[in-house]
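Numbers here are sequence positions counted from 1. On a predicted model such as this, the values are computed, not experimentally measured, just so you know.
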Amino acid sequence: MHYNSSLVEARIRRFRAERLDPAMYRRTTPLNVSAWEVPDEPVPFTEAVSNSFLPLSMGSAWGRPWGTVWFHATGSIPPQWAAEANTRAELVVDLGFTGAQSGFQAEGTVYTPTGRIVKAVEPLNRAVPLNTNDDGAVDLYIEAAANPNVAQDFVFTPTPYGDKVTAGDEQLYRLNQLDIALLDVPVWELQQDFTALVGLLEQLPPSSPRRAEILRALDRVVDAMDPDDVSGTAAEGRAMLEPVLAKPATASAHRLHAVGHAHIDSAWLWPTRETVRKVARTFSNVCDLIDANPRFVFAASSAQQYAWLKEFYPELFNRVKDKVASGNFVPVGGMWVESDTNLPGGEALARQFVAGKSFFLREFGIDCEEVWLPDSFGYSAALPQIVAAAGAKWFLTQKISWNETNVMPHHTFNWEGIDGTRIFTHFPPVDTYNSDLCGEELARAEQQYAEKGIGTTSLVPFGYGDGGGGPTREMLAAAKRVESLEGSPTVTLSSPRTFFEDAESEYPEPPVWSGELYLEFHRGTYTSQARTKRGNRRSEHLLREAELWATTATVRTGAVYPAEALEKIWHTVLLQQFHDILPGTSIAWVHQEAERNYADVAIQLESIIDTAARALLGDGDETASINASPYEVSGVPAMGTAQLTAPAETFNRIAEVDDGFVADNGKVRMRVDHAGLIRSIVDLAADRELVPAGATANLLQLHRDTPTQWDAWDIDEHYRRNTEDLSGAVKLEVERGEVRDTLRITREFGASRLVQTLRLEDDDPTINISTEVDWHEQKKLLKLAFPLDVHADRAASEIQFGHVFRPTHANTSWDAARFETAAHRWVHVGEENYGVAVANDSTYGHDITRTPAETRGNATTVRLSLLRAPKFPDPQADQGEHTMNVSLRIGASIPDAVREGYRMNLPVRTVSGVNTPAAAPLFTISNPAIVVEAVKMAEDGSGDVVARLYEAHGTRARGTVTADFAVASIIATDLLEREVSASGLTAHADREAKLELRPFQIITLRFSPEA
């Protein structure tokens, strides 16, 4: 009879499902189970076990959404099992696991009666080793988390489960199994043989001799084994497969470094309190695997997660510490969390490394040299320099494989940042950070690897992730079988360092990718959850102020520097820059908690600022203006204080005319029509009209915002096809002030209400616009548009420690895909010798395009994305009140844009009841291109003062930093304040440091005061 391979494959599938799987355990015996339900939030082990447990039968419902139930399981291993060869008794648990992804449903942590964690139980990792006494007694506790399936298979429909208030009380799960089971080791091993070989043959072409060889071998095993005695014939089946498993990989096979991994989102579709438990569950799984597999290496990022483990699970933390010392458990990344890199400010992104690397050095003696960000939503062009300044040299991600339009041309390359720094970078071609080492994924890694013919190796992170879990014994069995297997890439259990050293050695001159790694996906993350984003921006600038004034007070008066309080605040802010919190893609619970935290951070920082200012200026009857900006503002020196002066007489008035209102401050004239739209902006110095003929600025536009998928994450290009200009239903009134007038514009649309105030800055060509919105739209995107009569072929957008230029056209597919971009405090569009800056105090999403003018040529339209209203994962995202401030600086250069960004985000403060209102700044800088980003006391408590500066204009800059205190020495350091021989500091003497910086270069200076 002719050989029908498809029928043979079907036969093999049925044999595995109906014979091998049921034979995995020779026999089981149930345990006695009792339970105690935690009334509200989780409690520690000692508190839980002190409660009264009630008997519970199998099949009982348990677990309100986000609730916790403790199960107590007791019994004994039947003594006769000890006589059965090739077996192992273990606990098998089924908490009612569903078909949902592991990490997105019920999970459990198994404890001994002494409170020691054994390991976790999860949908694809249900077995727990039993270490019993001679009597075979079993006594275990299971902390079961009733985490709801918020993801719902990612159909992106609204769910009530993201908020405890709306999640309900329905019991979500049923306890299906809590048994002692006798594992048949040969049967389990045979199943792993089948898994590896079937996975391989499914990737081989039908014409492949190797495929036919494997298929016939498996077919013969099914023939030979007794379906009624799988246990008794499993060894024979394994022996028959040995020849096909023994054939080695070809010499040219792709080489995979397999690194154990468990991506644990620090918050996402669960709150941070649940992440704490996920970390314990995952890390205990890993410790158990390492004990059984000494060659296994596991890499885990995020110092915050280790810090949680140390705080809440100290015994398990010490076990992890031992595994780190043995080289099996590898801290990676060197960051406090796997943060977003588009939205955090420059100093905050630097502090991710300061906090993360300091923790790993302090706790483990590990100085991470690889940055590990597999899942962040694009990567800032400032990152290579920050990475290098932190003492790291390698970078790994795979998220760019999610691009919707373009495929990255490389998997291994040098990534060049805005200052020219290059970092050796790898994108695993397996295109996942949650590999299970199946045949499909291994084949994909080999097929997609872009460096064939030059390089031969890539990294594969394996283990269940997103919600944690990590590698399993089945994955390690797969790795063993495909270590060298004909038809497959080779797989070596490895570490990140081993991989990077191997890849660098074989690829000494990799190609270069210059600039940002823009993710052509998830563009809505620049805008979603505006309150979270505003809280982050405000916290970053309050931290600058608090550190500056506290340092100044310490140096000037000997006041105690609040190092511990500031570190704690930084840790909160850094945590909330995690790539699913700050981007606005988490459940309501997470964002409500973030907003509460930001409010608390603001209270603490305001107190530190006030305390420091009063220590610096003394008690009295005077009033001071204090300016934390790196630029002088209204006569107050940069980073210094001055006597509050009465406002000068001003001509900044608004006049009502026939067709609307006119404001004129001698620098700029603005005309607003009766619809509240700006019809004209005239630069009086240049005698130039900025609003194109027939266009209107300050135009609010409402778009339908219905992404194809990933609601909170995505803005899709088709949103542009549905636009409503908000130009009606308006009320205008002029508010006459003592110093200046303000135009107040009130609009109502849909279910929302919006109030704008427009005013001209005194004696400055700047228009200030404040927008207050009571927002109640659904699936809508609100943008604020400024058509400008400027012919700009590119736009500058501020990022960390500098700016990037992006085309305003869509010539290529790469340009067209970049239709929504992130910027920090400002964007700038211009022609030769003329431009306009648009600055903001809390907005990140922008689109900047060319638009046809009524006359020949093109205008440039700058639009800010103010608000969204996605329905998943938070159905109430962005609903309620918001305030956003925007300014237009007319006739602006890029240096003007930099200055305006700081003015918007660091307003001058007034402090009353002081004695000496004028205090000189600690530092002065001779060149405005060299900007001070942070002033702080040294991390080591030595009393040294640290200043971080950068070149902000995109030019080479020379300048002198002068300290206004006695200095014993000045050195350049890395971000961790360790001395480096970096370029930039060309000379220093007495109190002066002479600098020569390349464009966008960061330099950290450490000043040791004289004793």
Between [X] and [Y], do the side chains contain an N or O donor and an N or O acceptor separated by less than 3.5 Å?
{"X": "Ser528", "Y": "Arg868", "answer": "yes"}
{"X": "Ser607", "Y": "Asp610", "answer": "no"}
{"X": "Trp570", "Y": "Glu547", "answer": "yes"}
{"X": "His703", "Y": "Thr723", "answer": "yes"}
{"X": "Arg740", "Y": "Asn665", "answer": "no"}
{"X": "Asn885", "Y": "Ser770", "answer": "yes"}
{"X": "Asn915", "Y": "Arg614", "answer": "no"}
{"X": "Thr851", "Y": "Thr861", "answer": "yes"}
{"X": "Gln701", "Y": "Asp725", "answer": "yes"}
{"X": "Glu540", "Y": "Gln577", "answer": "yes"}
{"X": "Glu632", "Y": "Asn627", "answer": "no"}
{"X": "Tyr598", "Y": "Arg534", "answer": "no"}
{"X": "Thr883", "Y": "Glu772", "answer": "no"}
{"X": "Arg744", "Y": "Thr757", "answer": "no"}

Exercise for review: Give the intermediate values and the outcome of salt bridge (charged side-chain N to carboxylate O under 4.0 Å, His left out) for residues Arg544 and Glu347.
Suggested key: CA-CA 9 Å; Arg544 174 197 171 98; Glu347 186 61 23; over 6 Å; no
Report yes or no: does [X] contribute a side-chain atom to a donor-acceptor pair with the main-chain N or O of [Y] at less than 3.5 Å?
{"X": "Gln576", "Y": "Gly535", "result": "no"}
{"X": "His591", "Y": "Ser586", "result": "yes"}
{"X": "Arg704", "Y": "Lys780", "result": "no"}
{"X": "Thr771", "Y": "Gln756", "result": "no"}

Is there side-chain contact between [X] and [Y], with heavy atoms separated by less than 4.5 Å?
{"X": "Thr955", "Y": "Glu951", "result": "yes"}
{"X": "Val636", "Y": "Ile626", "result": "no"}
{"X": "Leu864", "Y": "Val838", "result": "yes"}
{"X": "Ile569", "Y": "Gln604", "result": "yes"}

Review point. Taking the six-membered ring for Trp, are the ring centroids of Phe1000 and His803 within less than 6.0 Å of each other?
Key: yes
Review point. Do the two ring centres, one from Phe801 and one from Tyr950, sit under 6.0 Å apart?
Key: yes
**Study point:** Neighbour count above 12 (heavy atom, 6.0 Å) for Glu733 CD
**Key:** yes
**Study point:** Lys779 atom NZ: more than 12 heavy-atom contacts under 6.0 Å
**Key:** yes
Would you kindly check if the NZ (Lys) or CZ (Arg) of [X] is within the cone defined by 45 degrees around the ring axis of [Y] and under 6.0 Å from the six-membered ring centre?
{"X": "Arg863", "Y": "Phe786", "result": "no"}
{"X": "Arg825", "Y": "Tyr902", "result": "yes"}
{"X": "Arg523", "Y": "Tyr719", "result": "no"}

Practice item. Would you sort out whether Glu735 and Thr742 count as a side chain to side chain donor-acceptor pair (under 3.5 Å), showing the intermediate values? Key: CA-CA 5 Å; Glu735 297 177 344; Thr742 299; 5.0 Å; no
Revision key, fill the gap. Which of His674, Arg671, Arg679 passes side-chain hydrogen bond (donor to acceptor under 3.5 Å, both in side chains) with Asp659? It is Arg671
Review point. How far does OG1 of Thr527 sit from CD of Glu820, to the nearest 0.5 angstrom?
Key: 5.5 Å
Review point. Between Arg889, Arg903, Lys667, which is the residue that forms a salt bridge (Lys or Arg N to Asp or Glu O under 4.0 Å) with Asp764?
Key: Arg889
